[in-house]
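In what follows, a single structure is set out as structure tokens and then discussed.
Letters A, B, ... are given to chains in the order of the sequence lines, protein chains preceding strands, and every chain is numbered from 1.
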Protein chains: 2
Amino acid sequence: MAPRQKSERVTIRTVAEDAGVSVAAVSKVLRDAYGVSDAMRLKVRQSMDKLSYRPHSAARGMRGQTYTVGVLMADIKNPFFPDIIDGIDDGLAGTQYLPLFGIGRGSSSVERAIVHAMVDRQIDGLIMIGQRMATADLDAIASEVPIVVIGHHAPEAQSFDSANNDDVRGGAIVAEHMLAQGYRRPAMITLGRNDLMSADVSQKRERGFADALRGAGFAEHDIRIASADDGLDDVTATVRALLESPEPPDAIFGWADYYALEVLSAVRALGFRVPDDIGIIGYDNAAPCAFTQNNLTSVDQFGREIGRQATRLLIERIKGRTQAEHFVVTPRLVARGSSMAPRVKAGDTLPSPSAQPDVAHK
Amino acid sequence: MAPRQKSERVTIRTVAEDAGVSVAAVSKVLRDAYGVSDAMRLKVRQSMDKLSYRPHSAARGMRGQTYTVGVLMADIKNPFFPDIIDGIDDGLAGTQYLPLFGIGRGSSSVERAIVHAMVDRQIDGLIMIGQRMATADLDAIASEVPIVVIGHHAPEAQSFDSANNDDVRGGAIVAEHMLAQGYRRPAMITLGRNDLMSADVSQKRERGFADALRGAGFAEHDIRIASADDGLDDVTATVRALLESPEPPDAIFGWADYYALEVLSAVRALGFRVPDDIGIIGYDNAAPCAFTQNNLTSVDQFGREIGRQATRLLIERIKGRTQAEHFVVTPRLVARGSSMAPRVKAGDTLPSPSAQPDVAHK
DNA sequence: CGTTCTACGTATATCGTTCTACACAATCTA
DNA sequence: TAGATTGTGTAGAACGATATACGTAGAACG
């Protein structure tokens, strides 16, 4: 009937012709917009199925939404992030939105480039996981697109939402557990501050950890918090320095699991037994914690729930909410072997490497 | 001068007016297209900087390229994939292209949905890592967009490229190493076949492993290849069945590292020592292999190089190559503690749990 | 000096949607 | 019964780039 049939791509026009209605009508059906009768909706849907029509997202982006949400992951090696992503999938299930991911490499300039690229590609909203940008940067981005941040506390921020666990409390939980287990000289190893704005959750955990020790009567110089970049070599060097110092710690808190697993490796490589000589605790309760060879005590921050909430917040923002909302969940300690010293800590002897490094695991 | 200045968004038109040239000229500069003088290029570039202009990707996508390449990752928990991604970043550095990632969840229908979504968003090309679709599906996709697959062998495919290591050879390397270390009853645990088309690299590794054992004189019923879905529970159940069978293996090859680490956990949880009672070998040489607590012998397949090559192939395809190209690299064994039994395997006694499960790691 | 290149620019149709404005009929209200 | 309202549908202008087709000036050539 219609004279034109040069192109082979199925467009909204093809559907309209097939269904015998206008292009605008099809568009309305597509968007579940107001002003279509049930009869028309049905007719159009059938044509779309018959032609297996898929709307062209780039074209939609020119005027309206793309139904794409961007997710910026600060890095890809963190075994905790998959939990969050499961939560995001939960939150997106049943909606038209699809997540596309950008992967930062620990540098805020790379992150910025990715965010720009996503904005240029007309994403409808953005979830940022563990990003390293300052709140001011986030405000700027929020003026272009709705965002929700995970792993960055900004309770006063109005232009964007956030979803987090209570990291200060989490840090405190760790200190309390160490003392309850009989460890006497707890220490923490945390991320170095090379990038101007490093992950601020680590700082929150440090504060909680330190405050709890203070509360238990520790003097300022007995609160030891060392730092190292992630990566086995840096961590090992710092662990070595710590354990060879005059009053070495008998328990170490690694600021996050992926990092604590490197601490675990370093401690054992130096010939110490875990948890007998040194207790080790991580943060996130990521999947590898449960492996027998790690058996790592950790703080569960309910990543999946955080991901779900973040997604809910984002969709609300996209739909028009302008009031900020900041979700916070209370973390919980999951005790495993790495912090369960069997001994009664009577003689307060300094730990030293137990004979040989454990050959079975060498 | 120009009457219109209603909108605030900086478009190609804004730049053109500022630079005093036509819109078409600016577009040419943007695309490094033919027919612009150095003087004009400079002038336009300056205006773009001054206005901090960023081209609108959706609009570009309507007629030309989006300068976005999609990367489909079969899952996000595999610690090997980051290596590949590093390679992709290498390959993309210095180009205008930016990668956006889709994350499958082990199901080919989810993967298909992601691929469609990416195509609808006008990506210029697609790299698929460890995807589970059949070659026929890939042909269909390849007719819409250039693709390169990683972790799927299709040497005869003409419509798309691939980048892989030689998985058959890799499987053989493992068997040879086990025998050289004195292990006498090697076994392999590999992925279950629940999804119709599961990762075909695992099958290649199985073949290499089995062929090598045959070559060493093993009888067919002594070549044991068990299967389990990934996930600690399934793997543990299968490992238990294997180790409690009449002639239990004394060495186990896990088809990939993320999987072998679960095997390691299961074996130790059952009270066996590694490598004394049971040797364990993985595949990929992912970062966690080097941790002291894992100390996992593995096969290095040079993921970063694979990622680099895949990217090169993709860009060539985007630029117009139609002849298929299939890159294959030869893998290499990296021996670590998990496969280094110290004993001389003289008395061929069956392994049994050494006394108690190692309390220190429980 | 006319013709033919070559290099550089411009004008404008086009991509596939969404959105605004409006037409029309049926129903409600005063 | 006139006027307002509601429900349903259409036409056509955007959106911001790219690609095509073409114009112009200067150089090269015979």
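The nearest whole Å value for the distance from the CD atom in B/Gln122 to the P atom in D/dC15 is 21 Å. Across the protein-nucleic acid pair, A/Asp32 atom CG and C/dT18 atom P stand 11 Å apart, rounded to whole Å. Following rounding to the nearest Å, A/Glu17 (CD) and D/dT10 (P) show an atom-to-atom distance of 13 Å. In this entry the distance linking CZ of A/Arg63 with P of C/dT18 reads 10 Å, nearest Å. Counting to the nearest Å, the P atom of D/dT10 and the OH atom of A/Tyr34 are 16 Å from each other. We find that CZ of B/Arg121 is positioned 20 Å from P of D/dA17, with the value rounded to whole Å. C/dT14 atom C1' lies 11 Å from atom CE of A/Met62, rounded to whole Å. When rounded to the nearest whole Å, the span between CZ of B/Arg31 and P of D/dG16 equals 18 Å.
Both distances falling under 3.5 Å, in either a Watson-Crick or a G-U wobble arrangement, place D/dG23 opposite C/dC8. When both distances must be under 3.5 Å, the Watson-Crick or G-U wobble mate of C/dT17 is D/dA14.
When each of A/Val26 and B/Lys28 is assigned the nucleotide of DNA chain C bearing its nearest heavy atom, the one mapping closer to the 5' terminus is B/Lys28. Nearest-nucleotide assignment on DNA chain C puts the 5′-proximal partner with B/Gly20, out of B/Ala59 and B/Gly20.
The line from CE of B/Met48 to CD1 of B/Ile12 is 9.0 Å long, rounded to the nearest 0.5 Å.
A sub-4.0 Å separation between OP1 or OP2 of D/dT18 and a side-chain N or O of B/Tyr67 is absent. Contact annotation: B/Ser22 does not reach the phosphate of C/dG9 (side-chain N/O to OP1 or OP2, under 4.0 Å). A sub-4.0 Å separation between OP1 or OP2 of D/dC15 and a side-chain N or O of B/Thr11 is absent.
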Check against side chain to side chain donor-acceptor pair (under 3.5 Å), B/His326 and B/Glu156
CA-CA 9 Å; B/His326 299 280; B/Glu156 73 297 344; over 6 Å; no

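Salt bridge annotation for A/Lys319-A/Glu316: absent, with no cationic side-chain nitrogen under 4.0 angstrom from a carboxylate oxygen. Ion pair A/Arg13/A/Glu17 not flagged as a salt bridge, since none of the NZ, NE, NH1 or NH2 atoms sits closer than 4.0 Å to an Asp/Glu carboxylate oxygen. Under 4.0 Å is where a charged nitrogen must lie from a carboxylate oxygen, and between A/Arg132 and A/Asp75 no such pair does.
For A/Ala25, the listed nucleotide lying nearest its side chain is D/dT10; candidates were D/dA19, D/dT10, C/dC19. Residue B/Ser27 has its side chain nearest to D/dT18 when only D/dT18, C/dT18, C/dT10 are considered. Closest to the side chain of B/Leu30, out of C/dT10, D/dT18, C/dT17, is D/dT18.
As judged by a 4.0 angstrom heavy-atom cut-off over every strand, A/Ser37 is placed among residues touching the sugar-phosphate backbone only. Residue A/Val23 is in base contact, counting any heavy-atom pair closer than 4.0 Å across all strands shown.
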